[in-house]
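Data block below; observations after.
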Number of protein chains: 2
Amino acid sequence: MREPTFLILTALAEEPRHGYAVIEDVSAMTGGRVRLRAGTLYAALDRLRSDGLIDVDREEVVQSRLRRYYRLTAAGERSLAAETARLREQAAIADRRLRARRTDLGGAPA
Amino acid sequence: MREPTFLILTALAEEPRHGYAVIEDVSAMTGGRVRLRAGTLYAALDRLRSDGLIDVDREEVVQSRLRRYYRLTAAGERSLAAETARLREQAAIADRRLRARRTDLGGAPA
DNA sequence: GAAGCATATACCGGTCATCGGTATATGCGC
DNA sequence: GCGCATATACCGATGACCGGTATATGCTTC
């Protein structure tokens with residue numbers, strides 16, 4: 001799973017959101033670093049839906065504009081949890097090695 | 001940065017390694033989940049080298065076969081550290097939301 | 001009242017990291 | 001001599017993602 005996909009699932013983990021709200025939440029989550037493109041978002045939404053990780057929650061019409069809300073399915077929740085565990089483990093391994101490097105004397109000029 | 005690239009940098013963070021040793025370390029690190037393909041590895045190595053994140057450490061001939069060892073540069077170390085921090089943060093956010101979900105009552109059948 | 005901006009969904013062409021397979025070469029065990 | 005592990009390297013295909021654009025509406029500003 002790539003970063004944008006992971007962030008979309010994380011956005012939907014908090015509460016059902018419509019497309020545009022996902023873009024905004026991902027931006028807020030990453031301190032503005034990740035600005036999801038419309039193309040990325042809607043393609044990912046379709047893909048995640050056909051994979052059964054998300055589903056349409058409801059549709060609302062606000063100011064005569066359609067809002068389609070998506071929510072995480074049980075499978076999506078499991079998938080996000082597994083991915084989160086993986087991220088945490090890999091970060092821990094890298095962290096350990098980076099620390100060991102710095103401990104091994106200021107060291108080799110790279 | 002995608003997962004294979006991150007894992008390659010992590011493999012080199014421990015000590016200089018040659019290509020094949022990177023494949024083995026990545027496999028060990030991920031409990032056998034990630035088996036880097038030769039195509040993935042050498043393309044990534046070339047790319048990382050031209051990006052200045054890794055460099056050739058030395059070359060050895062073992063059993064008349066060449067072994068090219070790569071090491072992390074200072075830039076590579078910084079890049080890996082930044083990426084690690086990003087992973088840790090995103091995992092923490094997702095974790096928080098997943099926990100909140102479970103707390104919010106066993107909840108909605110997805 | 002029109003121009004511009006935010007909201008909102010959607011499509012499309014292109015890029016690029018990765019995958020899967022293959023080529024090449026050597027040494028070892030059977 | 002055959003298969004396997006080691007070792008580097010190339011190539012075509014895939015697919016997620018990017019960037020841009022189209023469409024539509026309502027709000028704000030001049």
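Below, chains carry the letters A, B, ... as their sequence lines are ordered, and counting in each starts from 1.
Listed by residue number, B:H18, B:G19, B:Y20, B:E24 are the residues of residues 16-28 of chain B with a heavy-atom contact under 4.0 Å to DNA chain D.
In this entry the distance linking CD of A:E60 with P of C:dT7 reads 16 Å, nearest Å. Nucleotide C:dA8 holds its P atom 7 Å from the OH atom of A:Y69, rounded to whole Å. Taking atom CG of B:L41 as the reference point, atom P of D:dT8 lies 8 Å away to the nearest angstrom.
With sequence neighbours excluded, the residues forming a side chain to side chain contact (heavy atoms under 4.5 Å, CB included) with B:T40 are B:P4, B:R37, listed by chain and number. Residues forming a side chain to side chain contact (heavy atoms under 4.5 Å, CB included) with A:A85 (at least two apart in sequence, or on another chain): A:R88, A:E89. Scored by the ring-ring contact (aromatic ring centres under 6.0 Å, His included) test, A:Y69 finds A:H18 as partners (sequence neighbours excluded).
Place B:R67 and B:D46 on DNA chain D by their nearest nucleotides, and B:R67 ends up nearer the 5' end.
Screening residues 38-60 of chain A for ring pair (Phe, Tyr, Trp, His ring centres under 6.0 Å), with sequence neighbours left out, gives no hits.
Between A:R67 and A:E59 there is no salt bridge, since no side-chain N of the basic residue sits under 4.0 Å from a carboxylate O of the acidic one. By the 4.0 Å N-to-carboxylate-O rule, A:E3 lies close enough to B:R86 to be salt-bridged with it. Ion pairing between B:D95 and B:R99 holds under the 4.0 Å rule for side-chain N and carboxylate O.
For D:dT8, the OP1/OP2 oxygens have a side-chain nitrogen or oxygen of B:Y42 closer than 4.0 Å.
Residues B:L41 and B:Y20 are members of separate hydrophobic clusters, defined by side-chain heavy-atom contacts under 4.5 angstrom among Ile, Leu, Val, Met, Phe, Trp and Tyr.
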Do nucleotides 13-19 of chain C as a string where each nucleotide becomes B, S or -: B if the base has a protein heavy atom under 4.0 Å, S if just the sugar-phosphate does, - if no protein is that close.
----BSB
